[in-house]
Amino acid sequence: MLLLEDVHTHYGKIEALHGVSVEVNQGEIVSLIGANGAGKTTLLMTVCGTPQASAGRVLLEDRDITRLPTSEIMRSGIAIVPEGRRVFPGLTVEENLYMGGFFNNRTQNEQGIRHVYDLFPRLKEREHQRAGTMSGGEQQMLAIGRALMSKPRLMILDEPSLGLAPLVIKQIFEIIAQLRDEGITVFLVEQNAHQALQLADRGYVLETGRIRLQDTGANLLANPDVQAAYLGG
Amino acid sequence: MQDLLYFCQQLINGLTIGSTYALIAIGYTMVYGIIGMINFAHGEIYMIGAYTALIAITGLATLGIAWLPLVLLVALICAVIVSSSMGWAVERVAYRPVRGRHRLIPLISAIGMSIFLQNYVHLSQGSRNIGFPALIDGGFQLGGDESFQLSISWIQITIFVTTFICMSALSVFISRSRIGRACRAVSQDLGMANLLGIDTNRIISATFVIGAALAAVAGLLLGMYYGSVDPLFGFIAGLKAFTAAVLGGIGSIPGAMLGGLILGIAEAMTSGYLSGEYKDVISFSLLILILLFKPTGLLGKPEVEKI
Amino acid sequence: MLEVQNLSMRFGGLLAVDQVSLDVREHEIVSIIGPNGAGKTTVFNCMSGFYRPTGGKILLDGKEIQGKPDYRISRLGLVRTFQHVRLFNRMTVVENLMVAQHRHLNTNLLSGLVATPNYRAREQKALDRASYWLERVGLQELANRDAGNLAYGQQRRLEIARCMVTEPRLLMLDEPAAGLNPAETRELNQLIISLKEDYNVSVVLIEHDMSLVMDISDRINVISQGRPLATGTPEEVRNNDEVIKAYLGEA
Amino acid sequence: MVAQNFRHALFCALITLIIAWPIMGLKLTAVGTEITVVGASAFTWIAVALAAVIVFLFQLFRDKVMVGLGAVTILDRLADREPLPDEKRLRLENIGLVLLIAVALIWPFFVSRGAVDLATLVLIYIMLALGLNVVVGLAGLLDLGYVAFYAVGAYTFALLSNYWGASFWMALPIGALLAALFGLVLGFPVLRLRGDYLAIVTLGFGEIIRILLNNWTSVTGGPNGIGGIPDPTLFGMEFGRRVKEEGNTSFHETFGIAYSSEHKVIFLYLIALVLAIFTAFVIRRLMRMPVGRSWEALREDEIAARSLGLSRTGVKLSAFTIGAFFAGFAGTVFASKQGFISPESFVFLESAIILAIVVLGGMGSQLGVILAAIAVTILPELAREFSEYRMLIFGAAMVLMMVWRPQGLLPMRRRHIKLKAGG
């Protein structure tokens, strides 16, 4: 589904990724974990084309998307729930969802919104509330809902648990599992390694711009090196 | 009683001018809201709108067409088309290549564009001011006695009505339509809109075109109201409109409307009670005072300094 | 020497920092760590005067300094670096160091215009100090390059040198190892230790690179979601269950 | 891809027609009291069509053209040339400077009066541009009302001489100091504003001052301006045919030579030359002093500068005040040269021209700014048929410079400082 081959990415002068290869197969949940500043978000954003990889290739369903502009990549079956949620604060919940389905026709949007409200009844209650006034957990639900509106085949989530209460985190992870059951491939970046790996079919550990470990989720969870990667050897 | 009438007269004059300032101010505020730059050449776009309208009106007169509604409609359409194209072109040529660079660079580029357009019209149409035919003249008087009567002209009413229609249409467009929603989304988080697959460059172009179209409407209206145009016509009006935008809170569309009206009234009162010479001083002083004491304007949101 | 008591910072509805306390003694390296978005840089911004904290006190030698303008705090000897290096890019490396020493220079306009002996002597002294620190961080060869053209690791070192020429008492480093390769990180490690040992500067450090933090810190403060989570020596923090949970999530 | 390019190119060509044809092709002309529309000349029509075709072709082959343009780097090589070794460079510079000044001193005696007059104007613009360069180029503060300080200098001299009979030499320091004081007073409240707001506010200040000059008729003469501003004197010697003031002597009588109106023009030129050299020298020193470095530091990164203990207001204010000081200088010379001033000379356009000089020359670069001042003032005189296109070209040049070469034609070069080894 998604394939990164020896990807290097620079932010200005800093090389943030030093040759990363990752593969996400159809129907999987793949978790990418790693400490702060390891380059996890950079890796996700490279898939989206901001910034573009300076070397290597990114393939989506066997199509080379390395050099495409972001807006075009995001119209080819990928949706992202970015770090910090980034809902449009001045738009209502409903308007945010419409923005997610910007390229849909009216009936598709109506179906999509109904589907999102089924998944998150909470959002239905807040339909006409401005997104900026909602709690972090609600915003996270909205961000996921907005991403679902474009009916993506691959969904990328960047730290969906960041700054949320444990109960809400649990709920979010349940939804992610549900997305897989609906046939959406999930590529998940998390600091919250325990939960992310429990859920994942496979996982990668990123350390200072390089993939250090890759294995099934369960194996990584049991691996003492994972803890070391976080708290220093 | 006379005093009250005199006051009302100034109020009406102020609201007339103010509503056109508001129309022009929309262009500043929308562009600022989306890409955070002052479109210095916006006043010139408005001036070009006025010229185009005048050319269309005169051209129709030469052809012997004099049915007022048709003349106005054609003039309006021509002005809107030319100004919008100009707005689009200006963004492509002078602003898009420098977007995201140090703050002064787009501003200098915009000033250059403003000077260029001023002289473009100056060279093509001459520097003298040209009389704008009073297509809608006359009016009616209200109350008072021989010494003073409250007079309202038809052109003032036309300006009110047209401005009201434009503002309402814009409000509906921004709040209901798909593109309007995208405009708001892009102004709140451009990067995220991009991540939803939206071609943000197109949305930015759209805001320039909308702002220019409204400025063209204002150009036609004010051309008729003042009765003449010249190539410098846009510069001061542009500054006034910018003041209005800042007064209301730059980036906020209702703010631009409010700011325009307040500024118009302030100017009319200065003209009416002090002297017409100093009305520009009042608006500039107002601009300076707002920026000093409430840079976010009346309806704007504070910005947090990022470190 | 520096004491932060119950510091809080609120942005609109968001409580970014909530009741954080820490203290720095003379001759000590203290680290602040915590997951992304924990509010570490906000603490720094309050300490260096860029933000006016909404609650709590910051004491330098027992005197309150919270809410003072940034440039005054800097003149008291509290100098910082930035998460994303902030150099004067179109000025040369030496000029960057000269700007930082304006306090030590004769800034009288007239004496500068006619170049009085006193003015020249001070200017020369500042140049010598700049030269010394350039050698110390290994940038002597690049003295006349534009700062913006240096490699990233060199920029990081220049930023530290620029702080050091001001002869600070307390140095606040915001993620100094970000973007450095392992060899550069090791060098940085030694540099920071030497600042403390040889120049008698206290250091407050925000850092993600745990091996660096664990190696050089005397004490570590952990904050999570704006709230203090733990304090202690590296060993204590490493084995603290709360900390492990904050980093790895609930088991 | 090609089809898309083609459609875009067609669209751009259409837009070009829409924005060019009505304004350029249809000229409004007054015939008696009536206004009619007259089609422009065939030449204009062809030009409009040609422009559309060029836009079409450019957009169609955009990628290739841009690659071609990217290859033009001659200017860069000039700017990035290796600096000469210090001693050699110093010697060369000194010889060059002495030669240049010598030529500048002797030259006016061999040319026409008009040329000298123009040269004086060039020198005034050099002073103005060098002063604005401090504010915009070094400190990074966009001041769009710079001309106001120029006006303060000019009006100070005019008023002082009209009301108290002050001479040029008395008015020169007073004018400059008063302009600086204006800078200080105006700058104090506005300098904490963000860059683009600052630009607009200074523009507003400039306009307010102009409007006041225009309307305060009892003092400034309003739009009629003030005349009879005296010429400078040389140790009390006047340059007129007859002595205006009791106790003065006239230049030609003292030296026993025939009266010539050229003496005055040349003398004024020499004064302007000395003042321009003084301006350049002082600013050059300032640039290398702590205050100059802090201007640049604040321009480069305000937050970092503050973190190192620089006070934002203090540093900005010093740049603003010093810039204003030199504008006041130039204003006094200008008033003396013209003998008559009115608010006409101090419109926004004048600020824009000075800004254009700084931008074209290269913000921060003294040599660039001086060359640009010469070019901008002299070129329209040399090509008179194009002089009405002057502002059009300035505007276009400002846009082009910002897009392609924001550092200016001759960007500032950094001074190399030699360090003692070991320290």
Side-chain angles (χ1 to χ4, degrees), chain B residues 37-38 48 51-52 54-56 58-59 61-62 78 81-82 85-86 88-89 92-94 97-98 101-109 111-126 128 130-131 133 235 239 242 246 275 277-278 280-281 284-285 287-288 291-292 295 307, chain D residues 12 14-16 18-19 22-30 33 35-37 40 44 136 140 142 144 189-190 192-197 199-201 203-205 207-208 211-212 214-215 303 348-349 352 355-356 359 388-404 406:
Chain B
M37 72 162 283
I38 298 173
I48 285 171
Y51 264 94
T52 314
L54 181 56
I55 290 172
T58 325
T62 322
C78 290
I81 289 178
V82 172
S85 308
M86 198 57 119
W88 185 86
R92 281 306 281 254
V93 172
V98 297
R101 302 225 205 131
H102 188 277
R103 236 183 176 128
L104 288 189
I105 289 178
L107 193 58
I108 294 175
S109 180
I111 292 168
M113 203 66 215
S114 156
I115 295 173
F116 177 83
L117 291 180
Q118 233 175 62
N119 286 276
Y120 166 64
V121 175
H122 173 140
L123 289 171
S124 328
Q125 299 290 344
R128 282 181 316 119
I130 301 176
F235 181 68
L239 273 180
F242 177 75
V246 172
S275 141
E277 310 283 341
Y278 287 105
D280 291 352
V281 174
F284 289 132
S285 311
L287 172 66
I288 292 167
L291 284 177
L292 288 180
I307 295 173
Chain D
C12 290
L14 180 69
I15 294 281
T16 313
I18 293 178
I19 60 184
I23 300 287
M24 286 174 72
L26 302 170
K27 193 163 161 45
L28 288 162
T29 330
T33 54
I35 296 170
T36 53
V37 172
T44 314
V136 179
L142 191 54
L144 296 180
V190 303
R192 57 198 163 93
L193 291 176
R194 251 192 6 226
D196 37 11
Y197 279 1
I200 296 287
V201 166
L203 174 64
F205 268 137
E207 286 296 299
I208 287 179
I211 296 169
L212 287 180
N214 231 335
N215 290 303
I303 287 171
F348 167 71
L349 218 57
L355 180 66
V359 168
E388 56 176 358
Y389 295 97
R390 187 164 89 129
M391 288 314 292
L392 186 82
I393 295 169
F394 282 0
M398 278 165 86
V399 175
L400 289 182
M401 292 299 284
M402 287 302 108
V403 173
W404 273 313

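The shown structure was predicted, so the numbers you read here are calculated from the model rather than taken from an experiment. Residue numbers start from 1 in every chain, and the chains themselves are labelled A, B, ... in the order their sequence lines are given, proteins ahead of strands.
Only the side chain of D:L144 comes within less than 4.5 Å of a heavy atom of chain B; its backbone N, CA, C and O stay farther away. If you measure heavy-atom distances from D:L193 to chain B, the contacts under 4.5 Å come from the side chain alone. Contacts between B:I38 and chain D at a heavy-atom distance below 4.5 Å involve the side chain alone, from C-beta outward. For a residue to count as touching a neighbouring chain, one of its non-hydrogen atoms must lie under 4.5 Å from one of that chain's; by this rule D:V359 touches chain B with the side chain only. Both the backbone and the side chain of B:V281 come within contact range of chain D, judged by heavy atoms closer than 4.5 Å. Residue B:H122: no heavy atom, backbone or side chain, is found under 4.5 Å from chain D. Heavy atoms of D:I393 lying under 4.5 Å from chain B are absent altogether. For a residue to count as touching a neighbouring chain, one of its non-hydrogen atoms must lie under 4.5 Å from one of that chain's; by this rule D:L400 does not touch chain B. Contacts between B:L239 and chain D at a heavy-atom distance below 4.5 Å involve the side chain alone, from C-beta outward. Proximity to chain D (any heavy atom under 4.5 Å) is shown, for B:I108, by both the backbone and the side chain. Residue B:L54 touches chain D through both its backbone and its side chain, counting heavy-atom pairs closer than 4.5 Å. Using a 4.5 Å cut-off between heavy atoms, D:I23 contacts chain B through both its backbone and its side chain. For B:S285, the parts lying under 4.5 angstrom from a heavy atom of chain D are both the backbone and the side chain.
Ranked by non-hydrogen atom pairs under 4.5 Å with chain D, the options B:I288, B:L107, B:V82 are led by B:I288.
When side chains are defined from C-beta on, B:M86 counts as touching B:L117, because their heavy atoms get closer than 4.5 Å. Considering only heavy atoms from C-beta on, D:D196 stays 4.5 Å or farther from D:L142 through its side chain.
Ring-plane geometry between B:F235 and D:F348 is classed as parallel, the angle between the planes falling under 30 degrees on a 0 to 90 degree scale with a further cut at 60.
A donor-acceptor pair is defined here as one N or O able to donate and one able to accept, closer than 3.5 Å; no such pair exists between the side chain of B:S85 and the backbone of D:I15.
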